[in-house]
Structure formats: structure tokens, C-alpha cells
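Beneath this line is the structure, given in C-alpha cells, with notes to follow.
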There are 2 protein chains.
Amino acid sequence: MESLLNHLKTYYPISREAIGALADCLQEKTYAKSDFLLKQGRVCDHFYFLQHGALRGFYNINDKEITHWFAFENTFVSSFHSFTTGQPSIENIQFLEGSILWAISRKQLTGLFDQFHEIERLVRIIYERYYVRLEERYVNAQFKTAAELYNNLLEQSPHILERVPLGYISSYLGITPETLSRIRKQR
Amino acid sequence: MESLLNHLKTYYPISREAIGALADCLQEKTYAKSDFLLKQGRVCDHFYFLQHGALRGFYNINDKEITHWFAFENTFVSSFHSFTTGQPSIENIQFLEGSILWAISRKQLTGLFDQFHEIERLVRIIYERYYVRLEERYVNAQFKTAAELYNNLLEQSPHILERVPLGYISSYLGITPETLSRIRKQR
DNA sequence: TCCTGTTTTTGATAATTGTCAAATCGGCCC
DNA sequence: GGGCCGATTTGACAATTATCAAAAACAGGA
């Protein structure tokens, strides 16, 4: 829990009372490699903080899996679409490693929003940052070649390559496993 | 202003007082076609509602313009990255038509957040929706061919094609103008 | 209306990436 | 350690898209 609270501070500091109320809502959960945190068709009614481990979010489209994000320790995780709209999820979330996370339900979170303006502000700021990151990623994908994307990934997030099977990474980059394998060989 | 207030209601209804305070902060602005709402390098310290007209956001990368979004009437507009972080913008925002918009400064908006919890909630919800839309667009771009992307655009936003030069649309789809021109011919 | 500069189209060719199939590698269970 | 299954690599080929150059279409200003 300590690492979560420290992480929150980097976005917006909240009062002791708010921290206490938040802590009361958090539930610790443990999962094994390959478990699913969420399957498509179900509503995602929790917001998570990944304390330790790794996950991926993927869509099942035309019999193909499209991995569109990875998460590692000290990040927030949810099926954003499903969590915020309350509609069934179109994405799946699966563990790449044994993991530990903290969960809060939508109901509890909205309750905290009502009780503590500052918690809603904190979350608003978190959303902002996540939006900006997504935008960056998108623009990159739009004008870079597969090789450039891969090399950028190598520089910026070398840990991904050690912890994630190549097939997922290629999907994440929007290319086939064969193409990624060939790009890799060239270096 | 009426259309803005109506639009806000579709996200989250706020009190008469909050509406009044918000209205006091809003400034109406008019621009001509080809004007810039924002140039890269400057800080975007306003959040806008586009009442009438059209704009595009684009990056200048390696001497090329990468258009990554369009906006039409009844949408919110800003350089999200710059507005939320306060850093100089890396994107440009330009008018595609003569336009009318309402503006609020960051300072005024954060002031409203402090004064009215409900306004911060409203904006939090707006951010959520915009995030989800961006995510959808991104995933689509990742697994569809250029022709599919174009046809989807035709179905979902036919107005874009009538109001935006082809060159901007091709950039938006992540392909060259030549390729888009050829896709178009096939139909 | 004509001129001019920009946008779009067309053509030829090259580069990039995808597809399908087979071979190889690597981890895991017995 | 042997066998098996899935993941990764390799190869041959096809499809898609980019690039460069030139022609045609279009739009705005004089």
C-alpha cells in the first residue's frame, strides 16, 4: 500500500483524512501468471493499482488478439472504457506474471468523489496524464516505421522486451511477429 | 452560449450557480479560415468550445505535417498536452473554416474547480469520454488497412470529407495523399 | 475572366510489411 | 533426459503502401 500512496503523491497530494478513507476502500489481490483480470463481455467495475507484476490489455478482433497496452509495477490499470461507461468490456486484461494489485470498486470510488473533492481532483489529474501519454503513443505510431517504433521501445522501455513475449510486442507495435523477428535480427 | 450549455448537460448537469460562474468566465472569439488558434512552442492556456466551424490539430515532424485530429461544431478543443501540463505546445491548431468559439483560461478553470466541486466533476467526465474515443481510434488504426479506415470514416463522419482537404485526411489516416486518392477512385 | 499557386490525380517503380509454410528453438512436464 | 507444445525464426512470395515525377483539376486574387 505504501507504494500506491507514494505514487499518488506524484500526481496530487491529498489530506490525511482522504488517504484514510481511500485506504479503507482498497482491497489487495493476488493473481497468477496467465490469469485474467477481466474478460471481454463483462463489466469492469474496479479500478486497479498494479503494485507488482505485469499485465496486458488486448482486443479479440477477427480471431486475432490485438495487444494495445502493457502495464508494470506502479501504474493504474482498468478497462477504461468499461469502467467509466459501465458497459461490457470489449477488451481482455491478462497477467503476464504473478502479480499483486490493489482494487477499488466504481461504487466506492464515486463515493469517495462525493465525500472528498480532493480525491476527484486527484483522479482528474491522473486521467489527464494518461490521456497525454496515449496521445503521444498514437502520434508516434502514425508516422514512424515499424523499425523505428521497435527501437524507440528498446530505448524507452527495455524492460518490456525482457518480460513480454515477442508476439505480444509485435501486436502492440501494429506489426506481425515475423516482421518484428526480422527487425530484431538486423541490429 | 446556449449550445455550449446544452452540450455540457449531456455530460453532467450542474447547478444554476455553477452555470452562472462559468458563463462569467467565457469569452467569445471569432477566427477566419487558416488562422491559427495555437502555434507550436507557445503554451496553450485556454480550453475552448467550438460553437461553429472546424479545426485541425497537427504536428510538424521532419518537415511533414501530421494531422491527428479534427474538430467540428459542439466539441471541446485544446492542446491537451500543453493545457494540462503548462508546457509549450508541440502541436499546432488551425482553422479549416471561419469559426466561433468560447474560451476559458486555465487560471479561470482551476478557479472554478476550487469553487465548484461539480464543475471539476463535469470536466473529469468530459476527459473520460475523450480518452475513450481516442483509445477507440487508436485501436482501429492498429489493425485496419488504409481502405478500411477510409470507409469507416465515410460511414461515421461523412461531413469530414466534405469540409476537409484530402491531404489532411490522408495524414489523419496515417497514409500518403496518393494512396488515399487511389483508394477513393476504387469505390 | 485570366493567372498562378496549390491540391489532387495518375503513372512507374521501390520499399515495407503481410501471408503462408516449414524449420528451429526453448521451456515444461513426466 | 526425452518428448511435446507453443513461440520464434527463416524463406519465398504477394499485397500494400511509399516515393518521385508529371499532368490535371481547382481555388483565390488581380
Side-chain angles (χ1 to χ4, degrees), chain A residues 32-36 54 56 58-68 70 92 94-98 139-154 160-187, chain B residues 31-36 54 56 58-68 70 92 94-98 139-154 158 160-187:
Chain A
K33 179 175 176 170
S34 302
D35 281 357
F36 279 79
R56 68 174 183 129
F58 69 96
Y59 292 90
N60 252 317
I61 303 174
N62 311 140
D63 295 331
K64 278 192 187 170
E65 291 186 355
I66 312 281
T67 294
H68 71 119
F70 299 109
N92 303 274
Q94 188 181 25
F95 290 90
L96 298 170
E97 305 172 355
V139 172
N140 269 321
Q142 212 168 6
F143 76 94
K144 290 196 171 151
T145 67
E148 284 174 315
L149 289 175
Y150 177 74
N151 290 328
N152 286 168
L153 197 64
L154 262 190
I160 290 190
L161 302 167
E162 286 144 29
R163 296 168 67 179
V164 179
L166 174 132
Y168 297 160
I169 295 176
S170 66
S171 170
Y172 174 78
L173 295 176
I175 58 180
T176 60
E178 292 94 330
T179 299
L180 181 52
S181 173
R182 286 179 181 115
I183 288 171
R184 224 183 197 177
K185 204 174 54 169
Q186 291 171 2
R187 310 195 93 228
Chain B
Y31 292 88
K33 180 174 175 170
S34 302
D35 280 358
F36 278 79
R56 69 174 181 126
F58 70 96
Y59 292 90
N60 252 317
I61 304 174
N62 310 139
D63 295 330
K64 279 192 185 169
E65 291 186 354
I66 311 280
T67 293
H68 71 120
F70 298 110
N92 303 275
Q94 187 181 27
F95 291 90
L96 298 169
E97 306 171 355
V139 173
N140 269 320
Q142 212 168 6
F143 77 94
K144 290 195 171 153
T145 67
E148 285 175 314
L149 289 175
Y150 177 74
N151 290 328
N152 288 166
L153 198 64
L154 262 189
I160 291 189
L161 303 167
E162 286 145 28
R163 297 168 67 180
V164 179
L166 174 132
Y168 297 161
I169 296 176
S170 66
S171 170
Y172 175 77
L173 295 176
I175 58 181
T176 61
E178 292 95 329
T179 300
L180 181 52
S181 173
R182 289 181 177 111
I183 289 171
R184 221 183 198 179
K185 202 173 57 169
Q186 290 170 2
R187 308 196 94 226

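Only heavy atoms go into these numbers, but all of them, side chains included; no hydrogens, no water, no symmetry mates. Chain letters run A, B, ... following the sequence lines, proteins first, then strands; residues in each count from 1.
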Check your understanding: ring pair (Phe, Tyr, Trp, His ring centres under 6.0 Å) with Phe70(A): which residues, sequence neighbours excluded?
Key -> Tyr172(A)
Practice item. Could you state the atom-to-atom distance from CD of Gln186(A) to P of dT10(D) in whole Å? Key: 12 Å
Study note, to complete from the structure: Applying side-chain hydrogen bond (donor to acceptor under 3.5 Å, both in side chains) to Ser181(B) and not counting sequence neighbours gives none
Check your understanding: For every nucleotide of nucleotides 13-30 of chain D, 5' to 3': is a protein heavy atom under 4.0 Å from its base (B), only from its sugar-phosphate (S), or from neither (-)?
Key -> ----SSBBB---------
Check your understanding: With sequence neighbours excluded, what pairs up with Tyr31(B) under the ring pair (Phe, Tyr, Trp, His ring centres under 6.0 Å) test?
Key -> Phe95(B)
Review point. Just how far, in rounded Å, is P of dA7(D) from CG of Leu96(A)?
Key: 13 Å
Practice item. Not counting sequence neighbours, which residues clear side-chain hydrogen bond (donor to acceptor under 3.5 Å, both in side chains) with Asn152(A)? List them please. Key: Lys144(A)
Review point. Taking only residues two or more places apart in sequence, or in another chain, which ones meet Glu65(B) in a salt bridge (Lys or Arg N to Asp or Glu O under 4.0 Å)?
Key: Arg56(B)
**Study point:** Global bending angle along the helix from dT1(C)-dA30(D) to dC30(C)-dG1(D), which compares the axes of five pairs at either end, to 10 degrees
**Key:** 50°
Could you run down the sub-3.5 Å N/O contacts of the protein with nucleotides 4-8 of chain C?
residue: dT8(C); atom: OP1; partner: Leu166(B); partner atom: N; Å: 2.6
residue: dT8(C); atom: OP2; partner: Gly167(B); partner atom: N; Å: 2.9

Revision key, fill the gap. Contacts of Asp35(A) meeting side-chain hydrogen bond (donor to acceptor under 3.5 Å, both in side chains) (sequence neighbours excluded), chain-then-number -> none
Review point. dT9(C) phosphate, OP1 or OP2: any side-chain N/O from Lys185(B) under 4.0 angstrom?
Key: no
Point to revise | Inter- and intrachain pairs under salt bridge (Lys or Arg N to Asp or Glu O under 4.0 Å), touching residues 160-175 of chain A, at least two apart | key: Glu73(A)-Arg163(A), Glu97(A)-Arg163(A)
Review point. Rounded to the nearest Å, what distance is computed from the CG atom of residue Leu161(A) to the P atom of nucleotide dA7(D)?
Key: 18 Å
**Study point:** Set of residues satisfying side-chain hydrogen bond (donor to acceptor under 3.5 Å, both in side chains) with respect to Ser170(A), sequence neighbours excluded
**Key:** none
Point to revise | Under the ring pair (Phe, Tyr, Trp, His ring centres under 6.0 Å) test, residues paired with Tyr59(B) that sit two or more places apart | key: His68(B)
Study note, to complete from the structure: When rounded to the nearest 0.5 Å, the distance separating CG of Leu161(A) from CG of Leu154(A) is 5.0 Å
